[in-house]
Protein chains: 2
Amino acid sequence: MRELLKNKGFKLTPQRELIFSIFLEQRDHVSVDELYDEIRKLDSSIGYSTVWRNLKLICKLGLAREINVGDGITRYDQVTHGPHGHLFCVKCKKLVEFSVDKIVGFLDQVAEDKNFQIESFKIEIQGLCDDCRALNEKTSV
Amino acid sequence: MRELLKNKGFKLTPQRELIFSIFLEQRDHVSVDELYDEIRKLDSSIGYSTVWRNLKLICKLGLAREINVGDGITRYDQVTHGPHGHLFCVKCKKLVEFSVDKIVGFLDQVAEDKNFQIESFKIEIQGLCDDCRALNEKTSV
DNA sequence: AAAGCAAATGAAAACGATTATCAATTTCAA
DNA sequence: TTGAAATTGATAATCGTTTTCATTTGCTTT
C-alpha cells in the first residue's frame, strides 16, 4: 500500500490510510456519502472532500471503478473482484455482481470488428431483485 | 402518435409534436441540450423545460430510454432500434450501437438464476473508437 | 535533526445538470 | 362554448460533484 502510493508520488496520511482500508473492506458498492458516513464513525474530523478525493485516487490507482446506474449517484466498485456484471434493483438500489466470463469473448469480437480499443465494459441488468419482487406481489394483491 | 398520447391522457401541443418528431428523426443519442439546440433552430420560443419534459414523456411512453455513460450527461436512446449495446468513445463521446442478440440468452439465464425480474439491460464497451485511435497514434509518435 | 517543498487536508464556495414551482396559456371533452 | 386538466416557459431550487484556497502535513535533502 505505502509502496504503491510512494511509487507514484502520493503521500500516506492517516486519513488516506483509514479511507483506503475502510473502502477496501466494503462488500457493497459504496457511494461517496456512504463511505463518508462510515469514515465519520471512526474519525469525525475527516472532511467530505478528502473522502471524495481519495475515492478518485483509488480509481486512478486501478483499485476501483466508478459505476453509474442512472440514479444520479456514483458508486465505487472494487476491481479486485475481477470482471463482472451487475444486477441493479431499481427498487431497493441493491447492486449484485455476476460473472461475465462467458461473454467477454463476444465483446472482444464486437470491438475488433469495429476497430475499437476497449478500456472497460459495463454489463448491467436492471429490474427487480428477488426480495422486492416478492414484496411487490404481496402488496399488489 | 396522437392516439398513443390521447389514450394515456396526454395532450398534443404544437411544441410536443415538434419535439417528438425531431427527436424521432435523430440518428444519434441526443442529450437534452443537443435536442434543445435542434428545436430552437425551428422554433426559438420553445423552452428548455418543455424539451426536457417531453423527452421524459417519450421515455414514459416507451419510445426511448435514458443512457448514462458516466460523463454526467443523460442521453436518450430510441428503443425502436431494438435491443442493442453501445460502444462509447471516451475521447470524442461518440456512441455507436451493436447487436447483442447473441448474449441476451445469457443475460436471461443470469436473471433467472437469481430470480431477478429484468426490466432492461445495458451493455456498454468504453474505449477509443477507430478515429480517435488513429489520431492518438499520430500525435503520440 | 531541521529546512524546504510538494502534496494533502478541511471548509466553503462554485459548478452543472436535473427537477420543481408557478402563473399564464392551451387542449380537449362535454 | 365552456370548464377542468394538462402544458408551457421562465425561473428558482436541488443535489451530487468538483474546485478553490489557506493551512497543515509527509517526505526528501541537507
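Throughout, protein chains are lettered first and strands after them, A, B, ... in sequence-line order, and every chain is numbered starting at 1. Remember, predicted model here, so these are calculated numbers, not experimental data.
At whole-Å resolution of the value, CG in A:Asp43 and P in D:dT25 are 13 Å apart. The nearest whole Å value for the distance from the CZ atom in B:Phe20 to the C1' atom in D:dT8 is 14 Å. Per the geometry, CD1 belonging to B:Ile46 stands 15 Å off C1' belonging to C:dT25, to the nearest Å. One can place CG of B:Leu57 at 13 Å from P of D:dA6, the figure rounded to the nearest angstrom. Remark: C1' of D:dT17 and CG of A:Leu35 are 16 Å apart, rounded to the nearest angstrom. When rounded to the nearest whole Å, the span between NZ of A:Lys56 and P of D:dT19 equals 9 Å. Remark: C1' of D:dG9 and CD1 of B:Ile19 are 11 Å apart, rounded to the nearest angstrom. Taking atom CG on B:Leu18 and atom C1' on D:dT8, their separation rounds to 14 Å, with Å as the unit.
Of the N and O atoms on the side chains of B:Gln78 and B:His29, not one donor lies less than 3.5 Å from an acceptor on the other residue. No hydrogens or angles considered: a donor-acceptor pair under 3.5 Å links the side chains of B:Gln126 and B:Glu124. A side-chain donor from one of B:Asp43 and B:Ser45 sits under 3.5 Å from a side-chain acceptor of the other.
Residues from residues 59-74 of chain A that place a heavy atom under 4.0 Å from any atom of DNA chain D, listed by number: A:Gly72, A:Thr74.
Each of C:dT19, D:dT19, D:dT7 was ranked by its minimum atom distance to the side chain of B:Phe10; first place goes to D:dT7. Side chain of B:Lys11, nearest nucleotide from D:dT7, C:dT9, D:dG26: D:dT7. Side-chain atoms of B:Trp52 lie closest to C:dT18 of the nucleotides C:dT18, C:dA11, D:dT8. Set against C:dA20, C:dT18, C:dG10, the side chain of A:Thr50 has C:dG10 as its closest nucleotide.
Here A:Gln15 does not reach the OP1 or OP2 of C:dA8: none of its side-chain N or O atoms lies under 4.0 Å away. One finds a side-chain N or O of B:Arg16 lying less than 4.0 angstrom from the OP1 or OP2 phosphate oxygen of D:dT8. A sub-4.0 Å separation between OP1 or OP2 of D:dG26 and a side-chain N or O of A:Thr13 is absent.
At the heavy-atom level, A:Ser31 lies nowhere under 4.0 Å from the strands shown. Backbone-only contact: A:Asn54 has heavy atoms under 4.0 Å from sugar-phosphate atoms and none from a base. Within 4.0 Å of A:Tyr48, counting heavy atoms only, lies at least one base atom of the nucleic acid. Counting any heavy atom pair closer than 4.0 Å across all strands shown, B:Arg53 reaches a base atom.
Taking the nucleotide of DNA chain C with the nearest heavy atom to each of A:Ser45 and B:Leu12, the more 5' of the two is matched to A:Ser45. Take the nearest nucleotide of DNA chain C for A:Glu17 and for B:Pro14: the residue whose nucleotide is more 5' is A:Glu17. Taking the nucleotide of DNA chain D with the nearest heavy atom to each of B:Val51 and B:Gly9, the more 5' of the two is matched to B:Gly9.
Considering only heavy atoms from C-beta on, A:Phe10 comes within 4.5 Å of A:Arg16 through its side chain. Between B:Gln26 and B:Glu38 the shortest side-chain heavy-atom distance falls below 4.5 Å.
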Q: Please report the C-alpha distance between A:Leu5 and A:Phe20 in whole Å, then the side-chain angles of each, then the deciding distance to 0.1 Å, and finally whether the side-chain contact (heavy atoms from CB on, under 4.5 Å) criterion is met.
A: CA-CA 11 Å; A:Leu5 288 167; A:Phe20 271 55; 4.3 Å; yes
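With respect to B:Asp131 and B:Lys94, a salt bridge is recorded, a charged nitrogen being found less than 4.0 Å from a carboxylate O. Here A:Arg40 pairs with A:Asp37 in a salt bridge; the nearest charged N to carboxylate O distance falls below 4.0 Å.
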